[in-house]
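To start, the structure under review is shown below, and the notes come after it.
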Amino acid sequence: MADELRLTMERVGERFNLGEYEIDAYLAVLEHGQLTASEIADRTSIPQPRVYDTVRSLSDRGLVELRESRPMKIVAVDPDDAFSNVKTSLEELIEELEARYTAPARDTEAVSLVKSRSTILRYVEEIIEAAEYELVLSLTPDLLRRFRDDLAAAIDSGVSIDLLITPASRAPDPSEFNYLDVATIARARRGITTPVLAVADGEYSIYATQDALRDDRDRYGVIFNRSALGFLVSGFFGTVLWSTAETIVADGKKRPFPRRYASIRRAVKDIREIEGDFYASVSGRDIETGDAIVVEGRVIETAFEDTEEVASLHIETDEGIVEVGGLVAALEDVEGQEILLGRDEVPNRDQFA
């Protein structure tokens, strides 16, 4: 098995080991069907003395045919025929590699660094798919188009999405792009220095500079793998990025109540935007003792600042009024870690278990 795998790897690697001149010549011949050596030299940057060696290399690989005439003609081979063996080899290679693949235990590390563009984008996609009820994103216009279908699927499954597009000058025109298909609310922010980030349910998150997505080898993306540290990215998004962006569209598809929130800011904003009574069930910690606590009752007051630096709930309970803040709360009574909101009664936590 090992010898067969190595042979397959060598066959695929050999076939694709094309230099710059081979690629230029091959694409030129593909585009025109057939060319002479001088015509290839005219249409590419390949020096005339190197053309013959280049096309013979392509011929040896079965990508073109050389027809001996005066002048010699280089004729394109149908790519489906030229690469048929490669496709077969690659399929066999993938099957054998999959058989040996062991999925990495990503949950064992709370924080990890990733470097390549492809890895960063894979994590962004994974985080979008992992969101069960809340998702915040900062994307470039190109990434918005790349993940459009994934975001639409999340919206359709009831996930609330705060979407930030940057730079604003390149954001798709709302008359040509339906933002409400992919977001509950969308904003645009000036500046190419705005990072790319994604946070699912306040925990699973990624933060990366735009330079890292251009394969800058000196830049990294940071993954908070289902860690409570994800609130750092979410908090940065809300207070630094979101509060300095302009709204493109709002009032997207509304989730039914009761709703589940990782961010107290989102919960408070929903209460303030919708009229009527609200009831809450909040799981979190007493900020004095650190003991786990569940606070349940009617919401009688909210506090909120446009900068999103302040957001809290005042809940009327059987023991009195309890003030609930967000993660790492210090001024309130309770650090809210998961908030459930209902309209007619306190939500049943078992419904979300």
Side-chain angles (χ1 to χ4, degrees), residues 117-118 120-202 204-210 213-214 233-234 236-263 265-275 304 306 308 341 343:
R117 169 185 168 86
S118 61
I120 292 171
L121 294 182
R122 187 176 72 249
Y123 271 102
V124 172
E125 180 178 12
E126 189 173 296
I127 289 169
I128 293 173
E129 293 176 350
E132 295 181 6
Y133 53 94
E134 191 173 280
L135 182 64
V136 299
L137 295 144
S138 171
L139 300 176
T140 64
D142 288 342
L143 293 183
L144 171 61
R145 296 182 181 93
R146 179 189 182 101
F147 296 117
R148 179 174 186 166
D149 291 344
D150 300 288
L151 294 173
I155 284 288
D156 289 341
S157 66
V159 176
S160 174
I161 299 179
D162 287 359
L163 173 66
L164 181 69
I165 302 300
T166 180
S169 60
R170 292 177 45 221
D173 190 317
S175 65
E176 299 174 356
F177 185 95
N178 191 347
Y179 284 92
L180 295 183
D181 280 348
V182 298
T184 308
I185 179 171
R187 292 186 179 182
R189 187 175 190 267
R190 295 180 60 209
I192 61 172
T193 57
T194 304
V196 169
L197 62 83
V199 186
D201 304 331
Y204 192 13
S205 60
I206 183 170
Y207 176 103
T209 65
Q210 293 194 35
L213 289 170
R214 287 190 283 269
V233 182
S234 183
F236 173 77
F237 175 88
T239 58
V240 177
L241 303 183
W242 191 252
S243 61
T244 56
E246 297 294 328
T247 299
I248 301 174
V249 294
D251 300 324
K253 297 178 181 178
K254 298 293 187 182
R255 292 181 293 156
F257 285 95
R259 296 181 186 174
R260 184 181 180 192
Y261 300 84
S263 165
R265 293 171 177 81
R266 164 56 66 188
V268 171
K269 284 190 285 187
D270 278 2
I271 291 173
R272 293 165 68 89
E273 291 171 2
I274 304 172
E275 295 182 357
F304 186 77
D306 290 340
E308 303 205 11
L341 286 182
R343 297 307 310 271

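Numbers here are sequence positions counted from 1.
Two residues are said to be in side-chain contact when any heavy atoms from C-beta on lie closer than 4.5 Å; Leu144 and Leu151 meet this criterion. Within the 4.5 Å cutoff, side-chain heavy atoms of Phe257 are placed close to those of Ile274. No side-chain heavy atom of Phe237 sits under 4.5 Å from any side-chain heavy atom of Val199. Residues Tyr123 and Tyr204 are in side-chain contact: their nearest non-hydrogen atoms beyond the backbone lie under 4.5 Å apart. Counting only heavy atoms from C-beta outward, the side chains of Ile165 and Pro141 approach each other to under 4.5 Å. The shortest distance between side-chain heavy atoms of Ile128 and Leu135 falls below 4.5 Å. In this structure, the side chains of Leu164 and Val136 stay at 4.5 Å or more apart for every pair of heavy atoms. A 4.5 Å side-chain heavy-atom check between Asp181 and Ile155 finds every atom pair outside the cut-off.
When all heavy atoms of Ser205 and Val233 are compared, the closest pair comes out as OG-CG2, 3.8 Å. Closest approach of Val182 to Arg148, counting heavy atoms only: CG1-O, 3.6 Å. The shortest non-hydrogen separation linking Ile248 to Pro174 is CG2-CG, 3.4 Å. Contact record, Leu143 with Leu121: CD2-CD2, 3.5 Å, taken as the closest heavy-atom pair. Asp201 and Ala130 make their closest contact through OD2-O, 3.9 Å (heavy atoms, listed as atom of the first residue, atom of the second, distance). Among all heavy-atom pairs drawn from Ala183 and Leu163, the shortest one is CB-CB, 3.7 Å.
The closest donor-acceptor contact from the side chain of Tyr179 to the backbone of Pro172 lies under 3.5 Å. A donor-acceptor contact shorter than 3.5 Å links the side chain of Thr166 to the backbone of Arg189. Asp150 places no side-chain N or O within donor-acceptor distance of the main-chain N or O of Glu129, the cut-off being under 3.5 Å.
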- prompt: Under the side-chain contact (heavy atoms from CB on, under 4.5 Å) criterion, do Glu125 and Phe147 qualify, and how do the steps go?
  reply: CA-CA 7 Å; Glu125 180 178 12; Phe147 296 117; 3.6 Å; yes

message: Apply side-chain contact (heavy atoms from CB on, under 4.5 Å) to residues Trp242 and Arg265 and explain how you reach the verdict.
response: CA-CA 12 Å; Trp242 191 252; Arg265 293 171 177 81; over 6 Å; no

- prompt: Could you go step by step and tell me if Ile120 and Val196 meet the side-chain contact (heavy atoms from CB on, under 4.5 Å) rule?
  reply: CA-CA 10 Å; Ile120 292 171; Val196 169; 5.7 Å; no

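Every side-chain hydrogen bond (donor to acceptor under 3.5 Å, both in side chains) that Asp162 has, sequence neighbours left out, goes to Arg266. With sequence neighbours left out, Tyr261 forms a ring pair (Phe, Tyr, Trp, His ring centres under 6.0 Å) with no residue at all.
A distance of 13.0 Å separates CG in Leu341 from CZ in Arg260, rounded to the nearest 0.5 Å.
By the 6.0 Å contact criterion, CZ on Arg272 is enclosed, its count of non-hydrogen atoms from other residues, nucleotides or ligands being greater than 12. More than 12 heavy atoms of other residues, nucleotides or ligands lie within 6.0 Å of CG in Asn178, so this atom counts as buried by the packing criterion.
With hydrogens and angles left out, the side-chain atoms of Asp142 and Thr140 include no donor and acceptor closer than 3.5 Å.
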